[in-house]
Every structure is written in C-alpha cells, then in structure tokens.
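Just below is one structure, and these are the notes that go with it.
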Amino acid sequence: HLMQVLSIIAMETPVRVSGEGYSNYVRDEKVKVLKCIKPWKLENSVLGQYVSNGVEPGYADDETVPKGSNCPTYACVAMTIDNPRWEGVPFIMKA
C-alpha cells in the first residue's frame, strides 16, 4: 500500500484524468515513477521488532510468537527517485 501511495504522490500529471481509458494514463505514470526508484541500500534501511515499554506488551510477549523470534515488526527505508523532479528528495517509508 505504501508503494501505491508513493507512486500517486510522485507521478507526473497524466495526459488525461477523466474520460475513456484515463486509468491507463494514470497507470503509465505510476509505473514510470516506480521504475525510477533507485535500489535500496542497507545503510538507508532499519528493521526492528516492537518490544514492551513496561505498560504494553511487545511482539515477543505474545504467547503465539515462537520463543527467540527475530521476525521484524517494523521497517523504515529512505528511498530516492532518479528523475529531475525528485532529485535529492528522500522518500521515507515506515511500516
């Protein structure tokens, strides 16, 4: 879902936004911007797991989670789009 939002925010204005076949123009612009995303770098990424804050339980505190699980429950990545409009602008995605 985050990539859908990113593509809508970062895309160029479609040739048409209404009328017959307009969705193809919107799709084409979304695809163009997605193709311009530079590969993610490990140094621009964070993975983590929610832990207890003393009040609310953490992920590993759930009885259905296997003991010792290191499954990430949080991710953050700073992405860049390689086109003139977005040059130098980081897109920070968190989930």
Side-chain angles (χ1 to χ4, degrees):
H1 294 107
L2 288 175
M3 296 303 284
Q4 284 286 351
V5 174
L6 171 71
S7 66
I8 292 169
I9 290 170
M11 73 179 185
E12 297 295 334
T13 304
V15 175
R16 295 174 65 185
V17 292
S18 64
E20 187 176 332
Y22 81 94
S23 61
N24 292 330
Y25 295 106
V26 173
R27 181 204 58 224
D28 292 348
E29 292 304 324
K30 289 168 62 177
V31 169
K32 284 181 195 175
V33 78
L34 291 172
K35 286 182 176 182
C36 290
I37 296 174
K38 290 183 178 179
W40 302 351
K41 295 181 181 178
L42 188 57
E43 59 264 21
N44 294 337
S45 306
V46 174
L47 290 177
Q49 187 180 88
Y50 288 103
V51 296
S52 174
N53 63 3
V55 178
E56 299 292 330
Y59 173 75
D61 298 325
D62 186 308
E63 63 187 41
T64 63
V65 175
K67 297 291 182 212
S69 172
N70 63 356
C71 178
T73 58
Y74 174 83
C76 178
V77 63
M79 297 183 287
T80 55
I81 297 175
D82 191 18
N83 70 19
R85 181 177 190 176
W86 297 109
E87 183 177 349
V89 177
F91 284 80
I92 300 171
M93 308 292 275
K94 296 179 182 183

* Excluding sequence neighbours, so at least two apart, what forms side-chain contact (heavy atoms from CB on, under 4.5 Å) with Val89? -> Trp86, Phe91

* **All side-chain hydrogen bond (donor to acceptor under 3.5 Å, both in side chains) counterparts of Gln4, not counting sequence neighbours** => Lys30

* First locate atom CH2 of Trp40, then atom OG1 of Thr80, and finally report the distance between them rounded to the nearest 0.5 Å. => 12.0 Å

* Identify the two heavy atoms, one from Leu2 and one from Lys94, that lie closest to each other, and give their separation to 0.1 Å. => CD1-O, 3.3 Å

Quick one: side chains of residues 19-27, donor-acceptor pairs under 3.5 Å with protein atoms, not counting sequence neighbours, listed by atom name and distance.
residue, atom, partner, partner atom, Å
Asn24, OD1, Arg27, NH1, 3.2

* State, yes or no, whether a side-chain contact exists between Cys76 and Ile92 at a heavy-atom distance under 4.5 Å. => yes

* Rounded distance (nearest 0.5 Å) linking atom CZ of Arg16 with atom OG of Ser18 -> 7.0 Å

* **Carboxylate-amine/guanidinium proximity below 4.0 Å for Lys32 and Glu12** => no

* **Minimum side-chain heavy-atom gap Leu6-Val33 below 4.5 Å** => no

* Asked: What pair of heavy atoms forms the shortest contact from Ser52 to Gly54, and how long is it?
  -> OG-N, 3.0 Å

* Smallest separation among heavy atoms of Met3 and Met93, with atom names -> N-CE, 4.1 Å

* **Least distance between heavy atoms, Val65 atom then Ala60 atom** => CG1-CA, 4.3 Å

* Where the side chain of Asp61 meets the backbone of Gly58, is there a donor-acceptor pair that is under 3.5 Å apart? -> yes

* Structure fact -> Rounded to the nearest 0.5 Å, the CD atom of Glu87 sits from the CG atom of Asp82 at a distance of 8.0 Å

* **Donor-acceptor contact below 3.5 Å, side chain Thr73 vs main chain Tyr50** => yes

